[in-house]
Amino acid sequence: MNYQMTYSPGTTILEEGATGDCAYIIDKGLVEISVIRDSEKIVLATLSDGDIFGEMALISGDVRSASVLALVPTTLSVICRPYFQEKLAQTDPIIAMLLRLLLARFHEARGKLLSMPKVCLAGINAKSADPGSAAENEAQQEVLLRFKFINDLQSALAKQQFFLNYQPIYLLDTGNLAGFEALVRWKHPQQGMIPPNQFISIAEDTKEIISIGYWVFERACCDLKKMRDALGVAQDSAEPWMSVNFSPVQIKDPNLPERFGQILAKSGVDPCSIKIELTESVLADNPQLTLAFIHEVKRLGLKVAVDDFGTGYSSLSYLHLFPIDILKIDHTFVANMFCDLRSREIINAIVAMSKNLNIDIVAEGVETKELEALLLNLGCRYGQGFFYSRPLLFENALAFLKKTQGMTHEEG
Ligand code: C2E
Ligand code: CA
Ligand code: CA
């Protein structure tokens, strides 16, 4: 687990000869790197914002080769060895070998350097000795920024920086609001609003998506319960429902069925009104595991939707193999309908087959009235897209819901 630390001026962050297995990125501050030779302190460098130190121990696990002192209030992002080792294990073995070789060479060179007379050592600044090429510096900055982003992401849940938007899903024939899709957002303290496609894959890499996923599921269940209570709908009413996105990493979490059961019970929401969205590629990549997962969540009373249909393998056989309740046709496929007769024919076939199997269809990315009319003609039941509404904050989603049910917000 990576995290952040703050040090006041005069604090020793690392001591030469001590054991340690973390590296540090300076988010803000100034530190001094020094060694003691013949009882005398020799300053090797001063480092500031964006610089990294302690990286040798991260790779080798060796004792610290220098001391580090905070000169001003200094905030550091800490990169821990288990995290780095996991990344190293996944990396090309040749790259890992080169890294170790480079480290051995560095130790050798450093040994020679430190046996030089003190007067020569005192003038050496690690930064100015080898400033590196512009491209190298840029690449290093990119890596540092990525580490910082990962660290920020890992603390975002604890700092309550996530929130959900709800995008309405409509019944095409009646024009009534049937449900919502919960879409996560991250409000970064410096970078502002970050859309999910910029952090979900990183959260999947670091497995942080498991905790984020529980938070999303709980928030979405509680908010749906609030919406249903505000409308006074019967507990077992099919609408309004809530769709929640799921990552393949979450499927591998053995605690998920139990935790979900607890969250459902705590929120008091009817499990039938929650739909788990799994992408088509999840079904194709690991069919056995996914089938077992689907059976588990169905045992809890939840419904299952296949998301982004038409982007991957698009095999209609999935509809037979998996007990699916809803199929969401991807917006790119929907958008093609106008210009491409084949897309229209395929949607026609999907709709016909789904009807036989009792699977409902949601068309995603409905942006125009014409598209809505065409989808209605093809027999699609639900539509979602900017034509109806952009994703909304909870309060606005509730107001929207009340309006379509013939009530105003104030009346509720
Ligand atoms: P998705 O599941 O396909 O979600 C629909 C995305 O399409 C949303 O983007 C939504 O804002 C956008 N959209 C809605 N209507 C229209 C339209 O008419 N036209 C166009 N062009 N786009 C439309 P968003 O919110 O940026 O989400 C992107 C993706 O991030 C989602 O795609 C989903 O895969 C992922 N995601 C979002 N929330 C979560 C979450 O809580 N957990 C996980 N694992 N993934 C999530
Ligand atoms: Ca989705
Ligand atoms: Ca989708």
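Indexing begins at 1, ligand by ligand and atom by atom, following the structure's order.
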Just which atoms of ligand 1 are under 4.0 Å from any heavy atom in [X]?
| X | answer |
| --- | --- |
| V216 | 41 (O) |
| E364 | 3 (O) |
| D308 | 3 (O) |
| R185 | 25 (O) |
| N245 | 2 (O), 37 (C), 38 (N), 39 (C), 40 (C), 42 (N), 43 (C), 45 (N), 46 (C) |
| G385 | 15 (N), 18 (O) |
| E367 | 17 (C), 18 (O), 19 (N), 20 (C), 21 (N) |

Between T279 and the Ca ion (ligand 2), is there a contact where an N/O/S atom of the residue lies under 3.0 Å from the metal?
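Of the N, O and S atoms in T279, none lies under 3.0 Å from the Ca ion (ligand 2), which means no.
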Electrostatic pair [X]-[Y], nearest N-O below 4.0 angstrom:
| X | Y | result |
| --- | --- | --- |
| R342 | E345 | no |
| E32 | K41 | yes |
| K275 | E181 | no |
| D253 | K207 | no |

Provide the atom name of the closest N, O or S atom of E277 relative to the Ca ion (ligand 2).
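Output for this pair reads OE1.
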Suppose we only allow N, O or S atoms; which atom of E181 ends up nearest to the Ca ion (ligand 2)?
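This turns out to be OE2.
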Testing the 3.5 Å rule here: is there a donor-acceptor pair between the side chains of [X] and [Y]?
| X | Y | result |
| --- | --- | --- |
| E204 | S247 | yes |
| Q167 | Y388 | no |
| Y166 | D223 | yes |
| T279 | D307 | no |
| Q4 | N151 | no |

If you have a sec, work out which protein heavy atom is nearest [atom] and how many Å separate them, to one decimal?
| atom | answer |
| --- | --- |
| atom 29 (C) of ligand 1 | P196 CG, 4.2 Å |
| atom 22 (N) of ligand 1 | F386 CZ, 3.5 Å |
| atom 38 (N) of ligand 1 | V184 N, 3.1 Å |
| atom 6 (C) of ligand 1 | L183 CD2, 4.7 Å |
| atom 11 (O) of ligand 1 | P391 CG, 3.5 Å |

Heavy-atom distances under 4.0 Å are what count here, so tell me which part of D307 touches ligand 1: side chain, backbone, both or neither.
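Looking at D307 and ligand 1, just side chain atoms fall under 4.0 Å.
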Below 30° counts as parallel, above 60° as perpendicular, anything between as tilted: where do the rings of F293 and F246 land?
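If you compare the ring of F293 with that of F246, the planes turn out tilted.
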In terms of the angle between their ring planes, are W186 and F162 parallel, tilted or perpendicular, with boundaries placed at 30° and 60°?
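Ring orientation of W186 relative to F162: tilted.
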Protein heavy-atom contact under 4.0 Å for [atom]?
| atom | result |
| --- | --- |
| atom 32 (O) of ligand 1 | no |
| atom 46 (C) of ligand 1 | yes |
| atom 40 (C) of ligand 1 | yes |
| atom 9 (O) of ligand 1 | no |

Can you spot which of K303, Q384, K328, E277 makes a side chain to side chain donor-acceptor pair (under 3.5 Å) with S243?
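Exactly one option meets the side chain to side chain donor-acceptor pair (under 3.5 Å) with S243, and it is E277.
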Are there over 12 heavy-atom neighbours, none belonging to K87, within less than 6.0 Å of that residue's NZ?
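For K87, atom NZ is crowded (more than 12 foreign heavy atoms under 6.0 Å).
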Run down the list Q384, Q198, Q167 and name the one with the heavy atom closest to atom 15 (N) of ligand 1.
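Selected option, by shortest heavy-atom distance: Q167.
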D308: its N/O/S atom lying closest to the Ca ion (ligand 3) (atom name)
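Sorting the N, O and S atoms of D308 by distance to the Ca ion (ligand 3) puts OD1 first.
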Hey, does the Lys NZ or Arg CZ of R390 hover above the aromatic six-ring of F386, less than 6.0 Å from the centre and inside 45° of the axis?
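Ring-cation test returns yes.
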Decide whether the shortest distance between a heavy atom of E181 and an atom of ligand 1 is less than 4.0 Å.
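In this structure, E181 qualifies as a contact of ligand 1 - some heavy atom is under 4.0 Å.
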E364 atom OE2 and D307 atom OD1 as seen from the Ca ion (ligand 3), angle to 10 degrees:
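It comes to 100°.
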